[in-house]
Amino acid sequence: MNAVEIEEAVTKLAEKPFDAAEFPYQFLAAFGNKDTTIKRLRAGSTNASDLPGGVLQRSNIHIAVAPPGKVTQTLSALRISPATTKAKARFILATDGDGFEAEELESGETVACAYADFPNHFGFFLSLAGITTVKQVRESSFDIRATSRLNRLYVELLKDNPAWASAERRHDMNHFMARLIFCFFAEDTDIFGKIGLFTETVERMSDRDSSNTHEVIGTLFRALNTKGPDREAAGIPRWAARADQFPYVNGGLFSGNMEVPRFSRIARSYLLHIGNLDWTKINPDIFGSMIQAVADEEERGALGMHYTSVPNILKVLNPLFLDDLRECLAEAGDNARTLLNLRKRMSRIRVFDPACGSGNFLVIAYKEMRLIEAEINKRRGEPDRSSEIPLTNFRGIELRDFPAEVARLALIIAEFQCDVLYRGKQLALNEFLPLSKENWITCGNSLRLDWLSICPPTGTGVKLVADDLLETPLDQAQIDFENEGGETYICGNPPYKGNADQTKDQKEDIRKCFLGTNLNWKSLDYICGWFWKAAQYSSFTVTKFAFVSTNSISQGQNISYFWKPLFEYGLRIDFAVRSFRWRNLATENATVTVVIIGCSRSKDGVCYLFDENIKQEVLQINAYLVPGKDVFVERSARPLSNLPQMVKGNYYGLSDGLLLDETARAELLDDGLSQEHIRTFKGGAEIVRGTQRWCLWFPQPNIPTDAWSNPKVRQRIELVKESRLASPDLAAIRMAERPHQFREMHACNEWTIAIPNVSSESRPYLPVTLESRDVVFPNTAFALYDTELACLAIAASRLHLVWTITVCGKLETRIRYSNTLGWNTLPVPALTDKNKADLTRCAEDILLAREAHFPATIADLYDPDNMPADLREAHERNDEVLERIYIGRRFRNDTERLEKLFELYTKMTASPRATAKKKRAGAA
DNA sequence: TATCCGACAGTGT
DNA sequence: ACACTGTCGGATA
């Protein structure tokens, strides 16, 4: 169960009449315990309680239903109960159906409230459901509750008003929800005349059968859109007309289509329910991203679980510009003049998120800046001063309609809350209304819009122009920024999509972005469009930009395909956060490893490199997010050094029928199928873990008759044929003509040196093996067929590992080996016969050391914590011999290894001979 | 023709 | 539920 589901269950429980005997079990069920767990507790077999009517779930909670009026006493009894301690309960809970008290024993934190209100504290108990790691959830109980209820209302309204679900009406629906949220917030924060006034008015004025609910709400909306003196003329009834109760709000929020969907009874009750939440508790930074799922069919399953956490957002914003502002504040001390200058500077800072979702980057940036400004005003003795940071300087683009609405609202709410916090409620209220008319969140396709017109550079009056003429020009973005001479910071977390996963439209977006350049845009991730547009933007006005990105952007082929042109375009990396796992609250966790990269056109100044929260100051950061000079290792079709050609294993897509497991192989052999038609099939997994698979192997153009006469073989080949013919891929269909074969049919004569395509990064060496002639390799491994054993010494070296980790691509953080990026680019000095003989000896020693531990698998042998000493020594000797060939001694560390390799690579690729060689290779 | 990559995916604890 | 670690197939050069 996720937090939203728990909230729903808990709320339902509290609404039911209290059942003393059942409550403990129902409570545990609401927190996601399985039926069997509850059954066993009920039967008493796992109930460790020593109190009458008590239920104690080991390591979790001790619950007791109290006699009427004795809640506090019962809680004390639970606290001193020996069973509580013995069973290591984390919570104790007592209730009589009227009062409710609970305590988290470790922290001593308590909850005491009316029974009906205990769902307000469900976040307190979330760890019972195993949701402990993320503190944020607990602190945002309100946002989760509000989100889940708004979602229920949304679904219910669409059920009653199917027309509103159509594409054309969706915007109206979303806009309506935004208006409602505003009203809920306003009625709880004194923006309206009385706490709860909106909900109360709807309840009082609408019939219980709900038939006129939409009219009542519509009337209130019209009032909010009409200035006080005009209301009588507009025919607004007395109950809605008082401007001290329902003030003039407008600001675009209540203008436009005023239609309200019809409410069923259920929808009406949901609405009243939502209104009764305490909306002062809303966190605009979290709420926004939670709520965006409300209107999103696909995301609804993980409702509210996909928000970007505040610490992660700060990883972008702090190094981008907030750290600098804070430093300036610290330096300014109490100097009134310097403080004033800083305030002026801040009032002209623009923050632009071109993939803003529901605006959390913008909201957090705003709140952080208000915090700094408040400190300035305090030090200058002007604590009541109104803010000089205009909300219009926080701009965004969002594709989806509902999040765009919410983003705008979240910023409005953030502004109000900051005013209350720093200046007091009265001043906040005085200046809050009416809202300004402009909408500074643009709903549209970011990659097709002209960012310069949405966030125009200083001092020019650029009109909004869509890059793509098919886009309807928007009328909302022609607001002048109040930021003459200000700085612009672009930030956000745009979507990632690998080249193979992009839709036609997304491909077209990218194509348009890179129009007029010679980049290999077809191979780039979708997010590269954002980087490129930001880079273009930065050529018009001074800008720094930073995005959260999939980490593959700084690996493998992207280095030369993407970063090389970006650097040539004048950009540099100012700061970067190296790969870390992105986590959110979704049960189906979004598993992705990301980096954060901040760029500008600055020419000097220190750069910052972050790794696991460790900050390092460096002179330069290259595209690999490694400190040091720019290097771009390009794919090469042939080895640049004097090394043999390495081949990728046979591509075996749509070849299921050709693969054999233990039983299938045994059956075929029993049938009398000749051994020669069956080969060992060894990919990465088999090499590393020592598991076994086989395949049918018919290198001849035609299927040998003895094999064809076996019905099982024939059936298998037919299967392959069918699957290939069924593919939409033309290349696959052509492969159906030779269904007895893989796409490639490479094999060795004598032996093969093999390297897994993907393998764990935790091993101290690459898992390279020597394989015999009966082995066939799938494309999960690379192969050096029939080469000198010295190659194994090179491949198994520390040098090669360091090179591989740096220049090859990765699967998240795993090593993804590649012949074109890793092997063919590896700089190796010319080897004498003596060198080769020495290396061969080293390779043999490594193989012998492994054999001594038979039947340990490669995974066993190279377990970083349990690598056998003799094997380690064999590798040490191998490294010693190889490294002496490079520099006459051992390298001191991996940094030195990498420096040397890059130096050699640069030389190797700069020499005319190498270039000529490459050209010849290309022509051949 | 051959290779790169996956807001991942499968497995074991 | 989390840690660990590599498949398989589409799209592209």
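Each chain gets a letter, A, B and so on, in the order its sequence line appears, and its residues count up from 1. Owing to the predicted nature of the structure, the values given are computational and were not obtained by experimental measurement. Below, each value reflects all heavy atoms present in this structure, side chains not excepted, and no hydrogens, waters or symmetry copies.
Inspection of the A:Y862 and A:R850 side chains reveals an N or O donor paired with an N or O acceptor under 3.5 Å.
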Can you list, pair by pair, the side-chain donor-acceptor contacts under 3.5 Å of residues 550-559 of chain A, counting residues two or more places apart and other chains?
| from | atom 1 | to | atom 2 | distance (Å) |
| --- | --- | --- | --- | --- |
| A:T550 | OG1 | A:S552 | N | 3.4 |
| A:T550 | OG1 | A:S552 | OG | 3.4 |
| A:N551 | ND2 | A:S579 | OG | 3.0 |
| A:N551 | ND2 | A:E812 | O | 2.9 |
| A:S554 | OG | A:N551 | O | 3.1 |
| A:Q555 | OE1 | A:K810 | N | 3.3 |
| A:Q557 | OE1 | A:R635 | NH1 | 2.9 |
| A:N558 | ND2 | A:S552 | O | 2.8 |

Side-chain donor-acceptor pairs under 3.5 Å in residues 722-736 of chain A, sequence neighbours left out?
| from | atom 1 | to | atom 2 | distance (Å) |
| --- | --- | --- | --- | --- |
| A:S723 | OG | A:V720 | O | 2.9 |
| A:R724 | NE | A:L654 | O | 2.9 |
| A:R724 | NH1 | A:M735 | O | 3.0 |
| A:R724 | NH1 | A:R738 | O | 3.4 |
| A:R724 | NH1 | A:Q741 | O | 3.1 |
| A:R724 | NH2 | A:S655 | OG | 2.9 |
| A:R724 | NH2 | A:Q741 | O | 2.9 |
| A:S727 | OG | A:D729 | N | 2.9 |
| A:D729 | OD1 | A:A731 | N | 3.3 |

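When the P atom is used for both B:dC4 and B:dC8, the distance is 22 Å, rounded to whole Å. Rounded to the nearest Å, the gap between the C1' atom of B:dC5 and that of B:dA9 is 14 Å. Taking atom C1' on both B:dG6 and C:dG6, the two are 12 Å apart, rounded to the nearest angstrom.
With sequence neighbours left out, the side-chain contact (heavy atoms from CB on, under 4.5 Å) criterion links A:N757 to A:K648, A:F782, A:R816. Residues passing the side-chain contact (heavy atoms from CB on, under 4.5 Å) test with A:F580, sequence neighbours excluded: A:N312, A:K315, A:V577, A:W582, A:V594, A:I596. Evaluation of the side-chain contact (heavy atoms from CB on, under 4.5 Å) rule for A:A859 yields A:V688, A:R763, A:T857 as partners, not counting sequence neighbours. The side-chain contact (heavy atoms from CB on, under 4.5 Å) test applied to A:E398 returns A:C356, A:R400, A:P403, A:A404, not counting sequence neighbours. In terms of the salt bridge (Lys or Arg N to Asp or Glu O under 4.0 Å) criterion, A:D501 has no residue partners (sequence neighbours excluded). Applying the salt bridge (Lys or Arg N to Asp or Glu O under 4.0 Å) rule to A:R58 yields no partners; only residues at least two apart in sequence or on another chain are considered.
With salt bridges taken as basic N to acidic carboxylate O contacts below 4.0 Å, none links A:E104 and A:R90.
Pairs of residues two or more places apart, or lying in two chains, never qualify as salt bridge (charged side-chain N to carboxylate O under 4.0 Å, His left out) while including a residue from residues 652-664 of chain A.
Taking atom CZ of residue A:R724 and atom P of nucleotide C:dG9, one finds them 10 Å apart after rounding to whole Å. For the pair A:Q502 CD and C:dT12 C1', the interatomic distance rounds to 12 Å; values are reported in whole Å. Rounded to a whole Å, the NZ atom of A:K507 is 9 Å from the P atom of C:dA13. If you measure from atom CG of A:D729 to atom P of B:dT1, you get 13 Å, rounded to the nearest angstrom. Taking atom CG of A:D860 as the reference point, atom P of C:dC4 lies 16 Å away to the nearest angstrom. Atoms CG (A:N650) and C1' (C:dT7) sit 16 Å apart, rounded to a whole Å. Atom P of nucleotide C:dC4 and atom CZ of A:R763 are separated by 13 Å, given to the nearest angstrom. Atom-to-atom, CG of A:D501 to P of B:dC8 comes out at 10 Å; the value is rounded to the nearest Å.
Distances were taken from every side-chain heavy atom of A:T550 (C-beta onward) to each of B:dA7, C:dA13, B:dG6; the shortest belongs to B:dG6.
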Produce the list of close N/O pairs, under 3.5 Å, pairing protein atoms with atoms of nucleotides 2-5 of chain B; give distances to one decimal.
| from | atom 1 | to | atom 2 | distance (Å) |
| --- | --- | --- | --- | --- |
| B:dA2 | OP2 | A:E744 | OE2 | 3.3 |
| B:dA2 | N7 | A:R743 | NH2 | 3.2 |
| B:dT3 | OP1 | A:N819 | ND2 | 2.6 |
| B:dT3 | O3' | A:T820 | OG1 | 3.4 |
| B:dT3 | O4 | A:R743 | NH2 | 3.4 |
| B:dC4 | OP1 | A:S818 | OG | 2.5 |
| B:dC4 | OP1 | A:T820 | OG1 | 2.2 |
| B:dC4 | O3' | A:Q557 | NE2 | 3.4 |
| B:dC5 | OP1 | A:Q557 | N | 3.3 |

N/O to N/O distances under 3.5 Å, protein versus nucleotides 9-13 of chain B:
none

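Nucleic acid contact for A:V688: sugar-phosphate only, since backbone atoms but no base atoms lie under 4.0 Å from a heavy atom of the residue. Residue contacts shown for A:S762 are limited to sugar-phosphate atoms, with no base heavy atom under 4.0 Å away. The residue A:P494 sits close to a base: some heavy atom pair falls under 4.0 Å.
Within the structure, every side-chain polar atom (N or O) of A:S727 is placed at least 4.0 Å from both OP1 and OP2 of C:dG9.
Comparing A:R734 and A:N551 by the nucleotide of DNA chain B that holds the closest heavy atom to each, the one mapping nearer the 5' end is A:R734.
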**OP:** Treat a base pair as Watson-Crick or G-U wobble with both distances under 3.5 Å, then lay out DNA chain C in dot-bracket form, 5' to 3', with | for cross-strand pairs.
**Re:** ||||||.||||||
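No more than 12 heavy atoms of other residues, nucleotides or ligands sit less than 6.0 Å from atom NZ of A:K721.
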